[in-house]
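Written below as structure tokens is the structure these notes are about.
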Amino acid sequence: MMSRIFRHLREGIKNVIRNGWMSFASMSAVIVTLAVLGFSLILTFNVAQMSTDVTSQLEFSAFLNVNATQQTGSAIAAQIKALPGVESVQVISKNEGLAQMKKELGSEMGDVLNAFKQNPLPIQLVVKPADPHQIDRIARQVEEIQGVATVRDPHQLAAAIFRTLAIVRDVGVVFVVALLITSMFLISNTIRITIFSRRREIEIMKLVGATNWFIRWPFIVEGMLIGLVGAVVPVLVLVYGYRSLYIRAKGVFSGLAFPLVQAGDLGVKLAVILLAIGLFIGLWGGVMSVRRFLRV
Amino acid sequence: MIEMQDVWKEYPNGTQALNGISVQIQKGEFVYVVGPSGAGKSTFIKLMYREVRPTRGHIFVNGFNIERLKDHKIPLLRRSIGVVFQDFKLLPKLTAAENVAFALEVIGLSHKQIRKRVREVLSQVGLEDKMDMLPSQLSGGEQQRVAVARSLANNPAVIIADEPTGNLDPDTSWGIMRLFQHINDRGTTIVMATHNREIVNSMRRRVIAIENGVIVRDEEKGYYGYDE
């Protein structure tokens with residue numbers, strides 16, 4: 001049994017090598033396909049994480065008139081708190097706002113703010129609804145309260161980005177499906193060429209009583225090897241690439257304060273998915289190509 | 001051993017190859033199948049190892065009911081039959097020993113068993129000293145001996161040979177025929193399609209003559225019976 005498995009593996013490897021250029025071409029096709037797929041997956045995972053992240057911490061800011069005092073601020077905050085569906089209201093005073101801005105701008109740019117004689121920032125109220133879906137209604141009600149200058153949803157930008165990413169992802173899916181079919185076709189063609197070059201062997205195998213599965217296995221192994229190598233390359237490149245990006249970005253998607261999916265988790269998921277798909281298209285390519293040839 | 005009952009074969013292109021063949025071949029017989037080219041000899045031979053299926057009729061070979069044989073059982077039938085062809089059908093990149101081993105590997109014998117059996121059958125055909133030569137290094141007769149050794153490897157009950165001497169000169173042909181005789185003496189049934197008048201007429205065995213898809217003659221110790 002073991003010796004038979006080794007035999008099929010050995011013959012499969014021989015097939016790949018004997019048919020070097022075609023194998024290389026099909027591997028390249030699988031590599032490109034799975035690289036595109038892997039890239040879309042990385043995008044998808046991150047978009048998914050961001051979406052849940054955003055919904056869980058969905059909140060909006062209301063800015064009061066610049067000349068509003070701290071008392072007015074508290075009063076308005078209480079008023080907002082009383083609205084139905086509001087979970088919490090946080091008051092960020094003028095000074096706190098300034099300090100926060102300085103921090104965000106960094107030490108050098110932050111000095112620019114010292115040029116202002118008076119604090120130019122209005123009081124900011126951060127409103128968090130109990131139910132994220134109610135956010136628009138509450139925002140509209142808050143906007144109408146006397147003393148509130150503007151209401152800003154900081155995640156409108158995020159929403160726009162999500163939409164763009166989703167389009168990118170959908171286009172990616174279409175690409176990936178087309179590429180998957182192409183790769184499968186290429187693999188199955190490559191194997192067909194191997195089969196053709198080994199048809200005499202196959203003929204003799206049949207005459208001396210080889211079972212169809214015995215004849216099939218080496219070609220299926222050939223397909224799976226092509227698929228596997230074609231998957232390992234993009235897995236390594238993408239996982240390594242994502243990891244260095246993750247480390248450089250310190251785990252945060254620049255600009256927006258959304259954490260990236262952890263590099264380790266994503267790497268494992270990506271590797272499992274891509275390897276499985278690589279093996280599958282290789283297997284399928286192998287099965288498809290042998291099927292026609294084995295009619296006795 | 002081998003039995004055909006009213007067997008007909010029509011190919012998809014409309015060729016009527018066999019038109020009602022009935023024959024019985026007993027265990028241990030040595031049978032020549034003769035007849036003009038295109039008379040149906042090849043089809044007759046191919047039916048026995050299920051290379052082609054009959055359109056009508058019943059065929060039994062080594063206890064297998066050919067027309068009811070499931071595809072996945074064909075390998076079992078073929079393991080009970082040795083086949084030898086005019087063009088030897090050896091793999092050019094494998095040595096004599098490897099060519100024989102190939103047939104045994106396919107049916108899943110262990111390396112040790114294979115090595116032992118390869119040596120046995122190659123010495124049976126008188127080639128143990130040329131085991132490691134490639135087919136291209138062997139003469140036509142030697143190549144055919146390797147093919148015969150391969151057909152013997154599984155210890156088949158029947159050997160089916162399709163013009164085994166067709167590509168060989170007369171002297172070499174006689175060597176191969178003596179080999180078949182020797183194999184037959186040990187109890188293996190042999191069915192041989194041939195065009196070799198000289199051999200049929202001097203090594204007298206049962207002769208089945210096929211013309212236009214029917215058996216026109218079936219004689220013990222018969223003659224070739226066709227003029228040049």
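Numbered from 1 within each chain, the chains take letters A, B, ... in sequence-line order.
- The environment of OH in B:Tyr11 is crowded: more than 12 heavy-atom neighbours from other residues, nucleotides or ligands sit within 6.0 Å.
- Residue B:Arg119 places its CZ atom among 12 or fewer non-hydrogen atoms of other residues, nucleotides or ligands, all under 6.0 Å distant.
- Side-chain contact between B:Glu51 and A:Lys206 is absent, with no heavy atoms from C-beta onward closer than 4.5 Å.
- The local environment of CZ in A:Phe185 is sparse, with at most 12 non-hydrogen atoms from other residues, nucleotides or ligands closer than 6.0 Å.
- Listed for the B:Arg79 side chain is a donor-acceptor partner under 3.5 Å among the backbone atoms of A:Gly209.
- The environment of A:Phe214 atom CZ is dense: over 12 non-hydrogen atoms of other residues, nucleotides or ligands sit within 6.0 angstrom.
- When all heavy atoms of B:Pro75 and A:Thr211 are compared, the closest pair comes out as CG-CA, 3.7 Å.
- Looking at every heavy atom in both residues, A:Met205 comes nearest to B:Phe102 through CG-CZ, 3.3 Å.
- For the pair A:Ile204 and B:Leu91, the minimum side-chain heavy-atom distance is below 4.5 Å.
- For B:Arg150, the part sitting under 4.5 Å from any heavy atom of chain A is the side chain, from C-beta outward, and nothing else.
- For B:Leu76, no part lies near chain A; criterion is any non-hydrogen pair under 4.5 Å.
- Of the listed residues (B:Val52, B:Leu77, B:Leu90), the greatest number of heavy-atom pairs within a distance under 4.5 Å of chain A belongs to B:Leu90.
- The number of heavy atoms from other shown groups lying within 6.0 Å of CZ (A:Arg243) does not exceed 12.
- Of the candidates B:Val106, B:Ile81, B:Leu104, B:Val106 is the only one forming a side chain to side chain contact (heavy atoms under 4.5 Å, CB included) with A:Val208.
- At least one side-chain heavy atom of B:Phe85 sits under 4.5 Å from a side-chain heavy atom of A:Leu207.
- Note that NZ of B:Lys89 is 13.5 Å distant from CD of A:Glu201, once rounded to the nearest 0.5 Å.
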